[in-house]
Amino acid sequence: MAAHSNSGSDACLVINAGSSSLKFSVFQGGSATELEPVVTGQISGIGTAPRFEAKDAARHKIADHSWAAGENPGRPELLHHLLDWIGDTLKGATLVAAGHRVVHGGTRFSAPVRVTATVLDQLEELIPLAPLHEPHNIAAMRALAQVYPSLPQVACFDTAFHQTQPWQSQTFAIPRELTAEGIRRYGFHGLSYEYIAHRLPQMAPELANAHVVVCHLGSGASLCAMRAGHSVDTTMGFTALDGVPMGTRPGAIDPGVLIYLMREKGYGADELEKLLYHKSGMLGVSGLSNDMRDLENSDHPAAAEAVELFCHNVAKQVAALAGSMGGLDAVVFTAGVGENSTLVRARVAEKLGWLGVSIDAAANRAKATRISAQDSRVPVFIIPTDEERMIARHTLGVIAAEALSRAA
Ligand code: ADP
């Protein structure tokens, strides 16, 4: 069990649980705004051959443990191992809370929430909205509650940031009774957008009230239109399938294609799910890889076509979101591709030249914070995202608010 000395600083565990892996980090710091990650790591191979790995703040590996063949510890045992390891490694630290990334908050959760038995039941009801992710998020919360019942847990939602969107951004043009059932546009990557919404005005105070399009381009990719730091539109919708092409997802696709595949080629729900989540996007178009690095390094024409299709759709969505919010004062690139791919940023910016976007080639290559050319009407930024830090801040914020209300 984790150490609980009365001295030393408070620590917050951040958990991002997937189907077979659990990424974690531990943040420490004097206050919610001064938090720093002291360790990061992951448990992979859950259910088959679990492996525990961790790095310190300098990214040096400080743990690597695999379980012997035949041993197959479940989630509670693995979390027990993690908590013991944190206790041994961060001596003098007091683990005060755990924050979880939860993919779907439905219409009910518009802010982070303390995890209780009731909240867990409410989250179970949301499983049909995110069947590939939500069950694993919930399983990690239940397992942690079993191993360490007194540790406060907080759920932080990828959908919550988009609850500020106007009705027309949230609504599909379908019969109202279906909308009332929850078939509407939720949007995702909200913790990333929220972090950028905090960070951008620190870097460029003049943009505090601006119309900004943030391009979160990772293996999952979406864009968000922000006005004065609030989401007003986004490219992902009911699920994380909509919008721009991604590593293995197609992005927006005419729904008629799905009807055709069902009628003419006998596709069922499982085959459609496999096609849309795992076989499309960069992988499907290139036939080579879902990873942008591989595509950029390949001289195969299909790799170049995949990259071009990606950039075309990202640029198209920047323009669409500018139209949706009625202006474009800044563009931000973030996440794996957005932060690292000089080529993607250059191609997208080139396609947006007509909107007054122009980037400085040297600044772009150098991955500077502000990469727009001197004469660009629209400033362009690279801002590394930090969803874990956002979760740690929220988690400690919820705990602090609870303590305050108890004291009042
Ligand atoms: P996610 O969190 O959605 O899994 P990330 O935001 O970590 O994804 O982004 C991962 C992707 O970033 C990789 O699949 C890869 O395509 C891309 N990427 C990382 N580094 C580079 C690079 N140097 N150049 C181009 N693409 C990169």
Side-chain angles (χ1 to χ4, degrees), residues 14-25 37 40-42 44 55 59 100-103 130 132-133 136-137 156 158-159 187-196 199 214-224 234-236 239-251 276-300 302-311 313-314 332-349 364-368 371 382-391:
V14 171
I15 291 179
N16 184 354
S19 58
S20 64
S21 74
L22 182 150
K23 293 184 186 147
F24 66 87
S25 34
T40 56
Q42 67 167 352
S44 54
K55 292 179 176 170
R59 314 289 300 156
H100 295 258
R101 179 179 185 175
V102 178
V103 74
L132 302 184
H133 296 99
H136 311 299
N137 304 154
C156 301
D158 255 334
T159 47
F188 299 89
H189 293 138
L191 293 157
S192 171
Y193 293 128
E194 192 178 9
Y195 177 78
I196 304 291
R199 199 76 192 94
V214 182
C215 309
H216 176 110
L217 311 178
S219 48
S222 73
L223 287 76
C224 178
T234 190
T235 57
M236 280 180 173
T239 66
L241 285 175
D242 206 357
V244 294
M246 308 172 216
T248 56
R249 294 170 246 167
L276 297 172
Y277 278 97
H278 303 297
K279 293 164 85 172
S280 298
M282 299 296 95
L283 177 65
V285 175
S286 69
L288 298 167
S289 171
N290 63 328
D291 193 307
M292 195 59 80
R293 284 166 291 202
D294 295 339
L295 301 181
E296 289 186 18
N297 292 329
S298 167
D299 50 15
H300 198 292
E305 281 175 355
V307 177
E308 179 58 18
L309 191 58
F310 180 74
C311 296
N313 279 285
V314 170
V332 177
F333 287 98
T334 193
V337 176
E339 292 166 28
N340 295 300
S341 174
T342 304
L343 175 70
V344 166
R345 290 189 301 265
R347 286 294 292 141
V348 170
N364 186 32
R365 266 197 309 278
K367 301 188 171 83
I371 58 168
I382 303 173
I383 304 181
T385 194
D386 198 341
E387 290 148 302
E388 285 75 22
R389 186 183 298 273
M390 208 62 238
I391 293 170

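Ligands are counted one by one from 1 in listed order, and the atoms in each one are counted from 1 as well. Given the structure is predicted, the values throughout are model-derived calculations rather than measurements.
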Hey, what do you get for OG1 (T235) to CG (L223), rounding to the nearest 0.5 Å?
5.0 Å

Quick one: list whatever passes ring pair (Phe, Tyr, Trp, His ring centres under 6.0 Å) with F333, sequence neighbours left out.
none

Could you list the residues that satisfy ring pair (Phe, Tyr, Trp, His ring centres under 6.0 Å) with H216, not counting sequence neighbours?
H189

Compile the protein residues with any heavy atom at a distance under 4.0 Å from an atom of ligand 1; present them by chain, then by number.
G218, S219, G220, D291, M292, R293, E296, A335, G336, V337, N340, S341

Lys/Arg N to Asp/Glu carboxylate O, K367 vs E339, below 4.0 Å
no

Can you give me the closest heavy-atom contact between Y193 and F188, atom names plus distance?
CE1-O, 3.4 Å

Which residues pass the side chain to side chain donor-acceptor pair (under 3.5 Å) test with S286, sequence neighbours left out?
none

